[in-house]
Amino acid sequence: MSKNIDELKNISSQVRRDIVRMVHQVQSGHPGGSLGCTDFLVYLFFNLMKRNDSFDMNGFNEDLFFLSNGHISPVFYSVLSRAGYFDKSELSTFRKLNSRLQGHPATHEGLPGIRVASGSLGQGLSVAVGSALAKKLNKEENIIYILMGDGELQEGQVWEAMMYAAHNKVDNIIATIDLNGQQIDGPVNEINSLLNLKDKLESFGWKVYESDGNDFESLSSTLEDAKKSLFSGYPIVNIMKTVMGKGVDFMENSHKWHGIPPNDEQLNDALKHIKETLGDY
Amino acid sequence: MERKEYTYTEKKDTRSGFGDGLTELGKSNKNIVALCADLTGSLKMNDFKNNHPERFFQVGIAEANMMGLAAGLTIGGKIPFTGTFANFSTGRVYDQIRQSIAYSNKNVKICASHAGLTLGEDGATHQILEDIGMMKMLPGMTVINPCDYNQTKLATIALGDHIGPAYLRFGRPKWPIFTPENIKFQIGKGIKFLDGNDISIFATGHMLWQALEAEKILFSLGVSCEIINIHTIKPLDEEIILESIKKTKCAISCEEHNVIGGLGESISRLISEKSPVPFKVIGVNDSFGESGKPLDLLEKYNLNPESIKEAALQIIDKK
């Protein structure tokens with residue numbers, strides 16, 4: 001059953017707590033992009049996707065999600081757990097020895113919800129398009145969702161996949177680009193600019209939507225609109241503006257929090273502003 | 001086993017064995033899909049494409065994307081066979097294979113033509129001699145290098161039932177057909193072609209025929225060779241290798257690959273750990289290839305029957 005905006009905000013709040021606690025606990029991981037994409041992943045898993053109750057790798061007759069920018073694993077694990085794929089207590093094993101919650105998502109330990117390993121950037125769109133082809137062969141009318149980072153678009157393979165999907169009319173996919181404008185070494189515009197991304201994507205044959213990834217109303221109206229354009233002969237992309245580090249004021253809008261954990265004092269400071277809504281792990 | 005002199009009546013390229021095997025698989029299993037990066041004719045995938053256009057994916061000159069698409073197609077029960085040259089099937093896309101296929105344990109069959117020196121005139125940019133090494137180092141990857149048309153066809157068909165990532169390596173030139181066409185191909189099981197007592201010769205791919213030719217010379221010199229085909233480099237058939245060297249007490253290996261990282265290195269590790277005997281790896285001695293005719297190249301790089309004979313005699317002397 002779909003959640004109202006207050007319920008979604010509550011879930012996001014808990015997920016943000018999970019994220020900062022997870023990376024603090026192991027003093028390792030990527031909080032910035034995770035916090036920025038929290039609202040999107042919450043909306044996706046709690047309202048947008050048609051999901052089966054239990055996890056099966058083939059994912060027959062359900063919508064599928066792929067995370068290409070695997071370093072934001074904290075938000076992925078938290079949302080998967082809060083959506084019921086595994087118990088929240090397992091979040092405490094993040095990045096530790098013998099954990100299913102590897103630093104970057106992996107399939108080999110069978111963590112429910114993970115369909116392919118990611119971390120080395122630029123590979124997820126190809127995999128998602130491949131799974132969209134399988135859906136078509138199986139005559140399933142489900143949707144493939146895929147999230148990529150904006151810095152990740154510097155990888156050439158992304159554009160190979162863009163060309164392929166448009167040329168072959170792969171129209172059962174909605175790709176989302178997390179446009180937070182930051183990458184490890186600094187702002188994307190200073191490292192290797194995307195220039196006019198919308199024009200680029202349109203010229204590659206994709207139908208482009210734009211959204212505010214930290215506003216549930218914007219996510220809802222944009223993605224519901226985008227869904228209406230599916231199965232029309234072209235792939236769909238959602239350019240989603242987010243604030244890196246969203247929800248933790250001292251982390252917001254800075255690439256410095258791409259892959260740095262908070263210390264004890266910073267954790268306490270962050271948690272004061274993020275409400276515990278569903279019970280900490 | 002009585003000594004048999006292997007001969008042939010026909011030559012055919014091993015890539016055609018792949019194409020014909022794929023055609024058969026396509027008919028018998030509707031989950032088989034094929035992807036190609038602008039080399040449909042070279043990979044002999046036209047029959048599959050024409051028979052099953054809905055299951056054939058032309059990806060253009062974009063091999064990285066092809067590997068990702070293949071990984072994605074497995075999610076939904078498909079069994080993808082990718083086709084391009086060996087160089088572009090491995091080195092060009094190593095990270096895509098590593099993360100999206102091998103580490104993710106996807107049921108993708110990476111089918112690679114024009115491997116080794118014998119692709120000929122195109123030269124070193126295309127003559128990959130490192131692919132077996134790269135692929136065998138990936139955990140969970142099965143690596144197969146069949147020796148002739150028939151074996152390549154049978155290996156292709158066998159991969160249809162195999163679960164897990166696999167690398168199938170074959171070549172461009174027309175090559176003697178000397179193995180039976182109607183036997184079951186067993187992944188991971190070596191095949192004894194000749195019984196012998198003086199030396200074991202383990203050969204893979206095109207080099208098995210070279211080894212059989214070398215054996216004829218050695219036989220005329222009174223040397224009794226045991227010839228074993230190791231078509232599957234990984235998992236390695238340790239039993240057949242150890243059993244053979246227990247009898248012959250020395251061995252050589254033959255492959256169209258760098259001596260670093262190939263079949264010989266796998267055998268070397270095995271026997272140095274379990275049963276040390278004099279051993280030599282015949283392969284390309286850590287260099288790139290060059291343009292030329294296939295047989296001329298094999299001769300220049302010491303992969304011809306004469307070189308195998310010389311190496312065998314030297315190793316026997318060390319016993």
Side-chain angles (χ1 to χ4, degrees), chain A residues 55-66 68 70 102 104-111 114-140 142 144 146 155-168 170 172-173, chain B residues 26 29-38 52-82 84 88 92-110 138-141 163-165:
Chain A
F55 177 77
D56 171 74
M57 183 53 86
N58 282 316
F60 294 122
N61 302 309
E62 62 175 333
D63 297 344
L64 306 181
F65 170 72
F66 294 89
S68 189
Q102 290 291 298
H104 294 81
T107 58
H108 69 290
E109 298 298 333
L111 187 69
I114 312 290
R115 295 185 193 277
V116 72
S118 59
S120 175
L121 294 172
Q123 299 186 26
L125 185 60
S126 299
V127 179
V129 171
S131 78
L133 297 174
K135 289 275 184 216
K136 282 180 177 282
L137 284 173
N138 291 338
K139 306 206 182 317
E140 297 172 64
N142 295 101
I144 303 298
I146 148 92
E155 292 282 5
Q157 187 184 346
V158 174
W159 302 96
E160 292 184 5
M162 290 276 182
M163 283 180 74
Y164 180 90
H167 178 82
N168 292 283
V170 181
N172 53 346
I173 185 166
Chain B
N29 185 342
K30 65 180 173 39
N31 280 325
I32 302 288
V33 298
L35 302 92
C36 188
D38 198 33
H52 315 286
E54 75 290 353
R55 286 195 264 142
F56 178 81
F57 301 96
Q58 170 61 266
V59 300
I61 310 165
E63 295 82 6
N65 186 44
M66 177 165 74
M67 293 305 165
L69 292 176
L73 276 156
T74 65
I75 302 165
K78 304 304 163 200
I79 307 168
F81 283 63
T82 66
T84 183
F88 315 138
R92 188 177 184 92
V93 290
Y94 194 66
D95 190 42
Q96 284 76 16
I97 294 173
R98 182 177 182 276
Q99 174 172 284
S100 295
I101 295 174
Y103 184 45
S104 297
N105 194 27
K106 298 302 182 202
N107 193 20
V108 175
K109 315 306 174 191
I110 300 159
L138 290 170
M141 181 69 73
I163 296 171

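- At a 4.5 Å heavy-atom cutoff, E155(A) makes no contact with chain B through either its backbone or its side chain.
- In terms of non-hydrogen atom pairs under 4.5 Å with chain B, the most contact-rich of N168(A), L133(A), I144(A), I114(A) is L133(A).
- Most heavy-atom pairs under 4.5 Å with chain A: of the set I61(B), V59(B), I101(B), L73(B), this distinction falls to L73(B).
- To the nearest 0.5 angstrom, E54(B) atom CD is 14.0 Å from K136(A) atom NZ.
- For S104(B) (side chain) and A117(A) (main-chain N/O), a donor-acceptor pair under 3.5 Å exists by modelled atom type.
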Exercise for the section: List the steps and the verdict of side-chain contact (heavy atoms from CB on, under 4.5 Å) for L137(A) and K78(B). Expected result: CA-CA 9 Å; L137(A) 284 173; K78(B) 304 304 163 200; 3.8 Å; yes
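- If you tally non-hydrogen atom pairs under 4.5 Å between each of Q96(B), R98(B), K30(B) and chain A, the highest count goes to Q96(B).
- For a residue to count as touching a neighbouring chain, one of its non-hydrogen atoms must lie under 4.5 Å from one of that chain's; by this rule K106(B) touches chain A with the side chain only.
- Per-residue counts of heavy-atom pairs under 4.5 Å with chain B were compared for D56(A), V129(A), V116(A), L64(A); the largest is that of V116(A).
- Scanning both residues, Q99(B) and S118(A), for their nearest heavy atoms gives NE2-CA, 3.4 Å.
- Of all the listed residues (G156(A), S126(A), G122(A)), the one sharing the greatest number of non-hydrogen pairs under 4.5 Å with chain B is S126(A).
- For N58(A) (side chain) and G77(B) (main-chain N/O), a donor-acceptor pair under 3.5 Å exists by modelled atom type.
- Summarising the geometry of Y164(A) relative to Q58(B), their closest heavy-atom pair is CE1-O, 3.6 Å, with the distance given to 0.1 Å.
- Contact count versus chain A (heavy atoms, under 4.5 Å) is highest, among L35(B), V33(B), L69(B), T74(B), for L69(B).
- Here the straight-line distance linking atom CG of N107(B) with atom CE of M57(A) works out to 12.0 Å at 0.5 Å rounding.
- Heavy-atom distances place both the backbone and the side chain of A161(A) under 4.5 Å from chain B.
- Judged purely by atom type and a 3.5 angstrom limit, N138(A) uses its side chain to pair as donor or acceptor with the backbone of G76(B).
- A side-chain donor-acceptor contact under 3.5 Å links Q123(A) and D95(B).
- With chain B as the partner, the residue from M163(A), K135(A), H108(A), H104(A) showing the most heavy-atom pairs under 4.5 Å is H108(A).
- Counting heavy atoms from C-beta outward, I75(B) and F66(A) have side chains that approach closer than 4.5 Å.
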